Amino acid sequence: MVQFQQAKHAHNMLIMRDQLKNLEQLKKKFTASGGGLSSSEQIYLDDSQALAVVSHASSEFETAMLSVVMVYHTGIQNAEKLWTETLTDARSIGTDLSEGEIKSALAEGGCTEQSIVTEPVNEYKKKINKAKKMSEKFQQLAQEIRSKINELVQRDKELANQLKGLVS
């Protein structure tokens, strides 16, 4: 998993560097006519740079979230396995006891399915949902920035004409 994260991080960094490099080239094309940047061009470049950073952060967060989710899923599996093994061990020790008596004896020692499985699993699921919601917020922010850039281009026909062929 660590190797995957490192490879994904390196890939994300390359993408962001390429995006920023392309924006720098676009800035040079905008200013090649001898003047400075128009306010629309500056806004476009600033928003595009913000989008590159937000997209990078979103992708990095997705990778981290995947790791977190995997850890919690492993925790869920381990909790279920621990309870199953606890019952198996208790059954092998208390061969003369009924299932209810075995569970009652375990409960007296603080070992219940509630404490070993249900409570931790519920907590893990809450954390998984929180991570997913944070990821959705990152994605929403990136989409909002994309929409603002598109609005800017729609409003500024001159900029739209300049961008044709320069931005895919």
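Numbers here are sequence positions counted from 1. Note that the structure is predicted; figures quoted are calculated from it, not measured.
Q139 meets the side chain to side chain donor-acceptor pair (under 3.5 Å) test with E62; sequence neighbours excluded. Not counting sequence neighbours, the partners of D46 by the side chain to side chain donor-acceptor pair (under 3.5 Å) test are Q42. Every residue two or more places apart in sequence or in another chain that forms a side chain to side chain contact (heavy atoms under 4.5 Å, CB included) with I43 is listed here: D47, L152. Every residue was checked against the side chain to side chain donor-acceptor pair (under 3.5 Å) condition with E136, not counting sequence neighbours, and none meets it. Remark: S115 engages T112 in a side chain to side chain donor-acceptor pair (under 3.5 Å) (not counting sequence neighbours). Every residue two or more places apart in sequence or in another chain that forms a side chain to side chain contact (heavy atoms under 4.5 Å, CB included) with Q140 is listed here: E144.
Taking 4.5 Å as the limit, every side-chain heavy atom of Q49 sits out of range of all side-chain heavy atoms of L45.
Scanning both residues, A90 and I102, for their nearest heavy atoms gives CB-CG2, 3.5 Å. Annotation for D96 and E101: closest pair O-OE1, 4.4 Å, computed over non-hydrogen atoms.
To the nearest 0.5 Å, the span separating CG on L26 from CD on E41 amounts to 8.0 Å.
Put simply, I15 and V53 are part of two different groups of oily side chains (I, L, V, M, F, W, Y) that touch within less than 4.5 Å, one to the next. In the hydrophobic cluster analysis, where Ile, Leu, Val, Met, Phe, Trp and Tyr join through side-chain heavy atoms closer than 4.5 angstrom, L66 is grouped apart from V71.
With hydrogens and angles ignored, the 3.5 Å screen pairs a side-chain donor or acceptor of T31 with a backbone N or O of K27.
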Could you go through residues 117-132 and list every donor-acceptor pair under 3.5 Å that involves a side-chain atom there, pairing it with any protein atom two or more places apart or in another chain?
unit_1	atom_1	unit_2	atom_2	d
N122	ND2	T118	O	3.3
N129	ND2	K125	O	3.3

Between L87 and K103, is a side-chain contact (heavy atoms from CB on, under 4.5 Å) present by the stated rule, with each step listed?
CA-CA 8 Å; L87 281 177; K103 287 184 179 180; 4.1 Å; yes

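Within the structure, every pair that satisfies the side-chain hydrogen bond (donor to acceptor under 3.5 Å, both in side chains) test and touches residues 12-22, not counting sequence neighbours, is listed here: N12-S59, N12-E60. Counting only residues at least two apart or in different chains, side-chain hydrogen bond (donor to acceptor under 3.5 Å, both in side chains) contacts with residues 79-92 comprise R91-E99.
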